[in-house]
**Student:** 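My structure is below; once you've seen it, I'll send some questions.
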2 protein chains.
Amino acid sequence: MTYTIGEFSRLINLSIHTLRYYEQQELITPQRLKNGRRCYSESDLTWIQFIRRLKDTGMPIKEIQKYAKMRAVGDATLVDRMELLIKHRQILSREIMNLQEHQVNLDNKIDYYKTAITERIEDN
Amino acid sequence: MTYTIGEFSRLINLSIHTLRYYEQQELITPQRLKNGRRCYSESDLTWIQFIRRLKDTGMPIKEIQKYAKMRAVGDATLVDRMELLIKHRQILSREIMNLQEHQVNLDNKIDYYKTAITERIEDN
DNA sequence: ACTTGACCTCGAGTCAGCTCGAGATTGTAT
DNA sequence: ATACAATCTCGAGCTGACTCGAGGTCAAGT
(Lines give C-alpha, C1' and ligand atoms only; values in the text may rest on other atoms or scores of the structure.)
Protein backbone atom coordinates (compact mmCIF):
# COMPACT_ATOMS: atom_id res chain seq x y z
CA MET A 1 0.00 0.00 0.00
CA THR A 2 1.33 3.44 -0.90
CA TYR A 3 0.09 6.98 -0.39
CA THR A 4 0.13 10.26 -2.24
CA ILE A 5 1.43 13.24 -0.33
CA GLY A 6 -2.13 14.41 0.30
CA GLU A 7 -3.21 11.08 1.78
CA PHE A 8 -0.05 10.82 3.80
CA SER A 9 -0.49 14.33 5.08
CA ARG A 10 -3.97 13.57 6.37
CA LEU A 11 -2.84 10.26 7.80
CA ILE A 12 -0.12 11.67 9.98
CA ASN A 13 -1.54 15.13 10.42
CA LEU A 14 1.35 17.11 9.07
CA SER A 15 0.86 19.68 6.31
CA ILE A 16 1.99 18.92 2.79
CA HIS A 17 4.35 21.85 3.08
CA THR A 18 5.91 20.37 6.20
CA LEU A 19 6.34 16.99 4.56
CA ARG A 20 8.19 18.57 1.66
CA TYR A 21 10.24 20.56 4.12
CA TYR A 22 11.20 17.40 6.00
CA GLU A 23 12.23 15.82 2.75
CA GLN A 24 14.37 18.80 1.90
CA GLN A 25 15.96 18.45 5.33
CA GLU A 26 16.61 14.81 4.47
CA LEU A 27 14.53 13.38 7.25
CA ILE A 28 12.41 11.30 4.93
CA THR A 29 12.94 10.21 1.32
CA PRO A 30 9.77 8.89 -0.28
CA GLN A 31 9.89 7.12 -3.65
CA ARG A 32 8.78 8.96 -6.75
CA LEU A 33 6.43 7.83 -9.50
CA LYS A 34 7.54 8.24 -13.14
CA ASN A 35 5.64 11.51 -13.22
CA GLY A 36 7.74 12.83 -10.34
CA ARG A 37 5.10 12.63 -7.65
CA ARG A 38 5.95 11.48 -4.16
CA CYS A 39 4.85 8.03 -3.17
CA TYR A 40 4.91 7.19 0.53
CA SER A 41 5.08 3.60 1.77
CA GLU A 42 4.04 1.89 4.99
CA SER A 43 7.60 2.01 6.18
CA ASP A 44 7.66 5.77 5.57
CA LEU A 45 4.66 5.84 7.86
CA THR A 46 6.33 4.09 10.78
CA TRP A 47 9.47 6.10 10.17
CA ILE A 48 7.73 9.47 10.27
CA GLN A 49 5.92 8.47 13.42
CA PHE A 50 9.26 7.81 15.00
CA ILE A 51 10.53 11.16 13.76
CA ARG A 52 7.59 12.86 15.40
CA ARG A 53 8.39 11.19 18.66
CA LEU A 54 11.96 12.41 18.49
CA LYS A 55 10.73 15.89 17.67
CA ASP A 56 8.19 15.85 20.48
CA THR A 57 10.94 15.00 22.91
CA GLY A 58 12.87 18.03 21.76
CA MET A 59 15.38 16.57 19.34
CA PRO A 60 16.33 19.26 16.82
CA ILE A 61 15.92 18.56 13.13
CA LYS A 62 19.67 18.57 12.54
CA GLU A 63 20.05 15.71 15.00
CA ILE A 64 17.22 13.72 13.48
CA GLN A 65 18.86 14.32 10.12
CA LYS A 66 22.06 12.67 11.37
CA TYR A 67 20.07 9.69 12.49
CA ALA A 68 18.22 9.50 9.18
CA LYS A 69 21.47 9.60 7.22
CA MET A 70 22.91 6.77 9.29
CA ARG A 71 19.75 4.78 8.81
CA ALA A 72 20.09 5.22 5.07
CA VAL A 73 23.60 3.75 5.20
CA GLY A 74 22.32 0.55 6.74
CA ASP A 75 23.34 -1.99 9.35
CA ALA A 76 26.89 -0.69 9.60
CA THR A 77 25.55 2.25 11.60
CA LEU A 78 23.46 0.26 14.08
CA VAL A 79 25.79 0.91 16.99
CA ASP A 80 26.10 4.62 16.25
CA ARG A 81 22.38 4.98 15.97
CA MET A 82 21.82 3.21 19.24
CA GLU A 83 24.36 5.44 20.92
CA LEU A 84 22.58 8.50 19.60
CA LEU A 85 19.31 7.22 21.04
CA ILE A 86 20.91 6.43 24.37
CA LYS A 87 22.33 9.94 24.54
CA HIS A 88 18.94 11.30 23.72
CA ARG A 89 17.35 9.16 26.37
CA GLN A 90 19.62 10.72 28.95
CA ILE A 91 18.71 14.21 27.83
CA LEU A 92 15.07 13.25 27.96
CA SER A 93 15.13 11.82 31.45
CA ARG A 94 17.00 14.84 32.74
CA GLU A 95 14.34 17.00 31.14
CA ILE A 96 11.55 15.02 32.76
CA MET A 97 13.12 15.32 36.18
CA ASN A 98 13.52 19.01 35.61
CA LEU A 99 9.91 19.45 34.68
CA GLN A 100 8.80 17.47 37.70
CA GLU A 101 10.82 19.76 39.91
CA HIS A 102 9.23 22.77 38.26
CA GLN A 103 5.85 21.18 38.79
CA VAL A 104 6.44 20.95 42.53
CA ASN A 105 7.53 24.55 42.55
CA LEU A 106 4.47 25.57 40.67
CA ASP A 107 2.28 23.71 43.14
CA ASN A 108 3.86 25.61 45.99
CA LYS A 109 3.26 28.87 44.22
CA ILE A 110 -0.37 27.96 43.60
CA ASP A 111 -0.79 27.05 47.25
CA TYR A 112 0.69 30.35 48.19
CA TYR A 113 -1.88 32.08 46.01
CA LYS A 114 -4.68 30.09 47.59
CA THR A 115 -3.62 31.22 51.03
CA ALA A 116 -3.17 34.81 49.96
CA ILE A 117 -6.57 34.88 48.32
CA THR A 118 -8.31 33.32 51.31
CA GLU A 119 -6.74 35.84 53.65
CA ARG A 120 -7.84 38.70 51.47
CA ILE A 121 -11.39 37.43 51.53
CA GLU A 122 -11.30 37.11 55.31
CA ASP A 123 -10.06 40.70 55.53
CA ASN A 124 -13.16 42.03 53.82
CA MET B 1 21.38 45.16 48.03
CA THR B 2 21.12 46.09 44.35
CA TYR B 3 22.94 44.99 41.23
CA THR B 4 24.13 46.52 37.99
CA ILE B 5 23.07 44.74 34.82
CA GLY B 6 26.48 43.14 34.53
CA GLU B 7 26.37 41.72 38.06
CA PHE B 8 22.82 40.61 37.64
CA SER B 9 23.64 38.96 34.34
CA ARG B 10 26.41 36.89 35.92
CA LEU B 11 24.23 36.10 38.92
CA ILE B 12 21.41 34.55 36.96
CA ASN B 13 23.39 33.49 33.95
CA LEU B 14 21.47 35.36 31.30
CA SER B 15 23.24 37.65 28.85
CA ILE B 16 22.96 41.41 29.24
CA HIS B 17 21.32 41.48 25.84
CA THR B 18 18.72 39.00 26.97
CA LEU B 19 17.98 40.99 30.13
CA ARG B 20 17.37 44.11 28.09
CA TYR B 21 15.24 42.09 25.71
CA TYR B 22 13.13 40.78 28.60
CA GLU B 23 12.68 44.31 29.83
CA GLN B 24 11.56 45.44 26.40
CA GLN B 25 9.10 42.54 26.43
CA GLU B 26 7.89 43.83 29.80
CA LEU B 27 8.78 40.74 31.76
CA ILE B 28 10.91 42.64 34.23
CA THR B 29 11.14 46.34 35.08
CA PRO B 30 14.25 47.20 37.08
CA GLN B 31 14.65 50.62 38.69
CA ARG B 32 16.94 53.18 37.10
CA LEU B 33 19.63 55.30 38.70
CA LYS B 34 19.72 59.06 37.95
CA ASN B 35 22.24 58.36 35.22
CA GLY B 36 19.77 56.03 33.52
CA ARG B 37 21.46 52.77 34.36
CA ARG B 38 19.46 49.74 35.37
CA CYS B 39 19.46 48.80 39.02
CA TYR B 40 18.22 45.32 39.90
CA SER B 41 16.93 44.47 43.37
CA GLU B 42 16.67 41.27 45.36
CA SER B 43 13.04 41.01 44.43
CA ASP B 44 13.98 41.30 40.75
CA LEU B 45 16.20 38.34 41.43
CA THR B 46 13.48 36.09 42.80
CA TRP B 47 11.14 37.27 40.09
CA ILE B 48 13.49 36.46 37.24
CA GLN B 49 14.13 33.07 38.72
CA PHE B 50 10.43 32.43 38.61
CA ILE B 51 10.31 33.66 35.02
CA ARG B 52 13.02 31.21 34.11
CA ARG B 53 11.05 28.41 35.62
CA LEU B 54 8.02 29.37 33.57
CA LYS B 55 10.17 29.55 30.47
CA ASP B 56 11.81 26.21 31.18
CA THR B 57 8.41 24.62 31.42
CA GLY B 58 7.59 25.95 27.99
CA MET B 59 5.52 29.02 28.74
CA PRO B 60 5.87 31.46 25.85
CA ILE B 61 7.08 34.99 26.53
CA LYS B 62 3.72 36.48 25.61
CA GLU B 63 2.07 34.46 28.36
CA ILE B 64 4.69 35.38 30.93
CA GLN B 65 4.16 38.97 29.88
CA LYS B 66 0.46 38.71 30.74
CA TYR B 67 1.36 37.37 34.14
CA ALA B 68 3.93 40.12 34.70
CA LYS B 69 1.41 42.80 33.79
CA MET B 70 -1.13 41.39 36.24
CA ARG B 71 1.52 41.22 38.91
CA ALA B 72 2.27 44.90 38.33
CA VAL B 73 -1.38 45.75 38.94
CA GLY B 74 -1.33 44.18 42.38
CA ASP B 75 -3.56 42.13 44.64
CA ALA B 76 -6.65 42.68 42.52
CA THR B 77 -5.26 40.18 40.03
CA LEU B 78 -4.40 37.42 42.50
CA VAL B 79 -7.19 35.14 41.36
CA ASP B 80 -6.44 35.63 37.68
CA ARG B 81 -2.78 34.94 38.22
CA MET B 82 -3.53 31.80 40.14
CA GLU B 83 -5.81 30.62 37.39
CA LEU B 84 -3.12 31.21 34.82
CA LEU B 85 -0.71 29.12 36.86
CA ILE B 86 -3.25 26.35 37.33
CA LYS B 87 -3.83 26.26 33.59
CA HIS B 88 -0.11 26.09 33.06
CA ARG B 89 0.20 23.31 35.58
CA GLN B 90 -2.21 21.25 33.57
CA ILE B 91 -0.27 21.80 30.38
CA LEU B 92 2.88 20.89 32.22
CA SER B 93 1.61 17.65 33.65
CA ARG B 94 0.26 16.60 30.29
CA GLU B 95 3.65 17.33 28.82
CA ILE B 96 5.40 15.27 31.48
CA MET B 97 3.14 12.29 30.85
CA ASN B 98 3.79 12.62 27.17
CA LEU B 99 7.52 12.63 27.63
CA GLN B 100 7.34 9.62 29.90
CA GLU B 101 5.45 7.75 27.23
CA HIS B 102 8.08 8.71 24.68
CA GLN B 103 10.73 7.55 27.07
CA VAL B 104 9.21 4.07 27.23
CA ASN B 105 9.06 4.01 23.47
CA LEU B 106 12.65 5.05 23.21
CA ASP B 107 13.65 2.30 25.63
CA ASN B 108 11.94 -0.25 23.44
CA LYS B 109 13.73 1.05 20.41
CA ILE B 110 17.05 0.90 22.21
CA ASP B 111 16.35 -2.67 23.29
CA TYR B 112 15.54 -3.50 19.73
CA TYR B 113 18.93 -2.13 18.69
CA LYS B 114 20.67 -4.14 21.37
CA THR B 115 19.12 -7.32 20.08
CA ALA B 116 19.84 -6.46 16.46
CA ILE B 117 23.47 -5.68 17.25
CA THR B 118 23.98 -8.83 19.29
CA GLU B 119 22.57 -10.90 16.48
CA ARG B 120 24.85 -9.29 13.97
CA ILE B 121 27.85 -10.05 16.13
CA GLU B 122 26.77 -13.65 16.49
CA ASP B 123 26.43 -13.87 12.73
CA ASN B 124 30.09 -13.00 12.23
C1' DA C 1 -10.81 20.31 -26.03
C1' DC C 2 -10.95 22.01 -21.64
C1' DT C 3 -11.53 22.54 -16.83
C1' DT C 4 -10.38 20.99 -12.32
C1' DG C 5 -7.72 19.29 -8.63
C1' DA C 6 -3.72 17.39 -6.86
C1' DC C 7 0.69 17.59 -7.48
C1' DC C 8 5.50 19.77 -8.58
C1' DT C 9 9.74 23.39 -7.59
C1' DC C 10 11.76 27.30 -5.80
C1' DG C 11 12.25 31.32 -3.44
C1' DA C 12 10.46 34.35 -0.10
C1' DG C 13 7.96 35.38 4.21
C1' DT C 14 6.83 34.60 9.20
C1' DC C 15 7.39 34.02 14.10
C1' DA C 16 9.73 33.36 18.43
C1' DG C 17 13.48 34.29 20.90
C1' DC C 18 17.29 35.89 21.12
C1' DT C 19 22.05 38.10 19.58
C1' DC C 20 24.91 41.61 17.79
C1' DG C 21 26.96 46.05 16.73
C1' DA C 22 27.31 51.07 16.12
C1' DG C 23 27.65 55.20 18.30
C1' DA C 24 26.99 57.90 22.53
C1' DT C 25 27.64 58.44 27.85
C1' DT C 26 29.32 57.92 32.21
C1' DG C 27 32.27 56.45 36.36
C1' DT C 28 36.65 54.85 38.03
C1' DA C 29 41.84 54.30 37.79
C1' DT C 30 46.31 56.30 36.45
C1' DA D 1 43.40 65.01 31.56
C1' DT D 2 42.84 60.77 29.61
C1' DA D 3 42.07 56.20 28.96
C1' DC D 4 39.20 52.30 29.92
C1' DA D 5 35.36 49.59 31.07
C1' DA D 6 30.60 49.27 31.69
C1' DT D 7 26.58 51.02 30.49
C1' DC D 8 22.90 53.07 27.39
C1' DT D 9 19.49 53.06 22.94
C1' DC D 10 18.04 51.57 18.66
C1' DG D 11 17.84 48.98 14.78
C1' DA D 12 19.41 45.11 12.23
C1' DG D 13 20.65 40.21 11.91
C1' DC D 14 20.30 35.33 13.07
C1' DT D 15 18.45 30.42 13.82
C1' DG D 16 15.03 27.01 13.79
C1' DA D 17 11.04 25.35 12.06
C1' DC D 18 7.92 25.97 9.45
C1' DT D 19 4.40 28.38 6.03
C1' DC D 20 3.01 30.48 1.86
C1' DG D 21 2.43 31.66 -2.95
C1' DA D 22 3.56 32.03 -7.85
C1' DG D 23 3.87 29.66 -11.86
C1' DG D 24 4.00 25.15 -14.10
C1' DT D 25 2.72 19.95 -14.98
C1' DC D 26 -0.29 16.19 -15.44
C1' DA D 27 -4.27 12.92 -15.38
C1' DA D 28 -9.21 12.23 -15.00
C1' DG D 29 -13.94 13.72 -15.84
C1' DT D 30 -17.45 16.30 -18.91
Side-chain angles (χ1 to χ4, degrees), chain A residues 1-41 44 47-69 88 91 95 102, chain B residues 1-41 44-45 47-69 88 91 95 98 102:
Chain A
M1 190 43 184
T2 62
Y3 309 99
T4 67
I5 196 167
E7 291 163 352
F8 201 66
S9 158
R10 265 164 265 135
L11 214 53
I12 56 170
N13 205 31
L14 281 178
S15 81
I16 290 179
H17 283 303
T18 302
L19 283 173
R20 292 202 270 247
Y21 169 70
Y22 282 0
E23 184 173 346
Q24 189 200 308
Q25 296 304 305
E26 301 174 274
L27 303 191
I28 186 169
T29 46
Q31 299 286 119
R32 296 291 179 119
L33 303 173
K34 302 114 245 125
N35 60 23
R37 295 189 176 188
R38 291 168 180 82
C39 170
Y40 295 86
S41 69
D44 288 326
W47 171 234
I48 199 125
Q49 275 157 357
F50 183 62
I51 288 178
R52 294 201 91 182
R53 232 174 283 128
L54 293 180
K55 276 196 47 52
D56 287 354
T57 52
M59 188 184 282
I61 282 186
K62 287 279 159 61
E63 197 76 1
I64 301 177
Q65 191 187 97
K66 271 192 216 164
Y67 186 90
K69 279 180 180 169
H88 184 58
I91 292 171
E95 198 191 322
H102 286 326
Chain B
M1 190 46 184
T2 61
Y3 309 99
T4 66
I5 196 167
E7 291 163 353
F8 200 65
S9 159
R10 265 163 265 137
L11 215 53
I12 57 169
N13 205 32
L14 281 178
S15 82
I16 290 178
H17 284 303
T18 301
L19 283 173
R20 291 202 271 247
Y21 169 70
Y22 283 180
E23 184 173 345
Q24 189 200 307
Q25 297 303 304
E26 302 174 271
L27 303 191
I28 186 168
T29 46
Q31 299 286 119
R32 297 292 179 119
L33 302 173
K34 306 113 240 128
N35 59 25
R37 295 189 175 187
R38 290 167 181 83
C39 170
Y40 294 87
S41 70
D44 288 326
L45 189 59
W47 171 234
I48 199 127
Q49 275 157 357
F50 183 61
I51 288 179
R52 295 202 90 184
R53 232 175 282 128
L54 293 180
K55 275 196 48 52
D56 287 354
T57 52
M59 188 183 283
I61 282 186
K62 287 280 159 59
E63 197 76 2
I64 301 176
Q65 191 188 96
K66 270 192 215 160
Y67 186 91
K69 280 181 179 168
H88 184 59
I91 292 171
E95 197 189 321
N98 220 278
H102 287 325

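Every chain is numbered from 1 and lettered A, B, ... according to where its sequence line falls, protein lines coming before strand lines.
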**Student:** Out of curiosity, B:Thr18 OG1 to B:Gln24 CD, how far, rounded to the nearest 0.5 Å?
**Tutor:**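 Reported value, rounded in 0.5 Å steps: 11.5 Å.
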**Student:** Got B:Lys66 and B:Glu63 here, is their nearest side-chain heavy-atom distance under 4.5 Å?
**Tutor:**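 The answer is yes, as the side chains (C-beta and beyond) meet within the 4.5 Å cut-off.
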**Student:** What is the distance, to the nearest angstrom, from the CG atom on B:Leu14 to the P atom on C:dC20?
**Tutor:**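 Rounding to the nearest Å, CG of B:Leu14 and P of C:dC20 are 14 Å apart.
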**Student:** Just distance, no hydrogens or angles: give the donor-acceptor pairs under 3.5 Å from side chains in residues 25-36 of chain A, sequence neighbours left out.
**Tutor:**
{"from": "A:Arg32", "atom 1": "NH1", "to": "A:Gly36", "atom 2": "O", "distance (Å)": "2.9"}
{"from": "A:Arg32", "atom 1": "NH2", "to": "A:Glu23", "atom 2": "OE2", "distance (Å)": "2.9"}
{"from": "A:Asn35", "atom 1": "OD1", "to": "A:Arg37", "atom 2": "N", "distance (Å)": "3.0"}

**Student:** How would you give the extent of chain B contacts on DNA chain D, as first and last nucleotide 5' to 3' within a 4.0 Å heavy-atom cut-off?
**Tutor:**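 Under 4.0 Å from chain B, the extent on DNA chain D is D:dA6 to D:dT9.
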**Student:** Under a 3.5 Å distance rule, please check whether B:Arg52 uses its side chain to pair with a backbone N or O of B:Ile12 as donor and acceptor.
**Tutor:**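 Yes; at least one donor-acceptor contact below 3.5 Å.
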**Student:** My understanding is that only residues two or more places apart in sequence, or in another chain, count here; which of them pass side-chain contact (heavy atoms from CB on, under 4.5 Å) with A:Thr2?
**Tutor:**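 Once residues adjacent in sequence are excluded, the partners of A:Thr2 under the side-chain contact (heavy atoms from CB on, under 4.5 Å) criterion are A:Cys39.
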**Student:** Might you list the N or O atoms of the protein lying below 3.5 Å from N or O atoms in nucleotides 15-17 of chain C, with each pair's distance?
**Tutor:**
{"from": "C:dG17", "atom 1": "OP2", "to": "B:Ile61", "atom 2": "N", "distance (Å)": "3.4"}

**Student:** Could you check whether any side-chain N or O of A:Asp44 sits under 3.5 Å from a backbone N or O of A:Ser41, counting only pairs where one atom can act as donor and the other as acceptor?
**Tutor:**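 It does hold such a pair.
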**Student:** Residues two or more places apart in sequence or in another chain: which of them pass side-chain contact (heavy atoms from CB on, under 4.5 Å) with B:Thr57?
**Tutor:**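 Here the qualifying residues are A:Leu99, A:His102, B:His88, B:Leu92.
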**Student:** Side chains of B:Tyr21 and B:Ile61, heavy atoms from C-beta outward: is any pair under 4.5 Å?
**Tutor:**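 In short, these two side chains touch, coming nearer than 4.5 Å.
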**Student:** For nucleotides 8-11 of chain C, list the nitrogen or oxygen atoms of the protein found under 3.5 Å from its nitrogen or oxygen atoms, one pair per line.
**Tutor:**
{"from": "C:dC8", "atom 1": "OP1", "to": "A:Arg38", "atom 2": "N", "distance (Å)": "2.7"}
{"from": "C:dC8", "atom 1": "OP1", "to": "A:Arg38", "atom 2": "NH1", "distance (Å)": "2.9"}
{"from": "C:dC8", "atom 1": "OP2", "to": "A:Arg20", "atom 2": "NH1", "distance (Å)": "2.7"}
{"from": "C:dC8", "atom 1": "OP2", "to": "A:Arg38", "atom 2": "NH1", "distance (Å)": "3.2"}
{"from": "C:dC8", "atom 1": "O5'", "to": "A:Arg38", "atom 2": "NH1", "distance (Å)": "3.3"}
{"from": "C:dT9", "atom 1": "OP1", "to": "A:Arg32", "atom 2": "NH1", "distance (Å)": "3.1"}
{"from": "C:dT9", "atom 1": "OP1", "to": "A:Arg32", "atom 2": "NH2", "distance (Å)": "3.3"}
{"from": "C:dT9", "atom 1": "OP2", "to": "A:Arg38", "atom 2": "NH1", "distance (Å)": "3.0"}
{"from": "C:dT9", "atom 1": "OP2", "to": "A:Arg38", "atom 2": "NH2", "distance (Å)": "2.7"}

**Student:** Mark yes or no for whether B:Arg38, through its side chain, and B:Leu19, through its backbone, hold a donor-acceptor pair below 3.5 Å.
**Tutor:**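 Such a contact is absent between B:Arg38 side chain and B:Leu19 backbone.
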**Student:** Can you spot which of A:Tyr22, A:Phe8, A:Trp47 makes a ring pair (Phe, Tyr, Trp, His ring centres under 6.0 Å) with A:Tyr40?
**Tutor:**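 One option only clears the test, and that one is A:Phe8.
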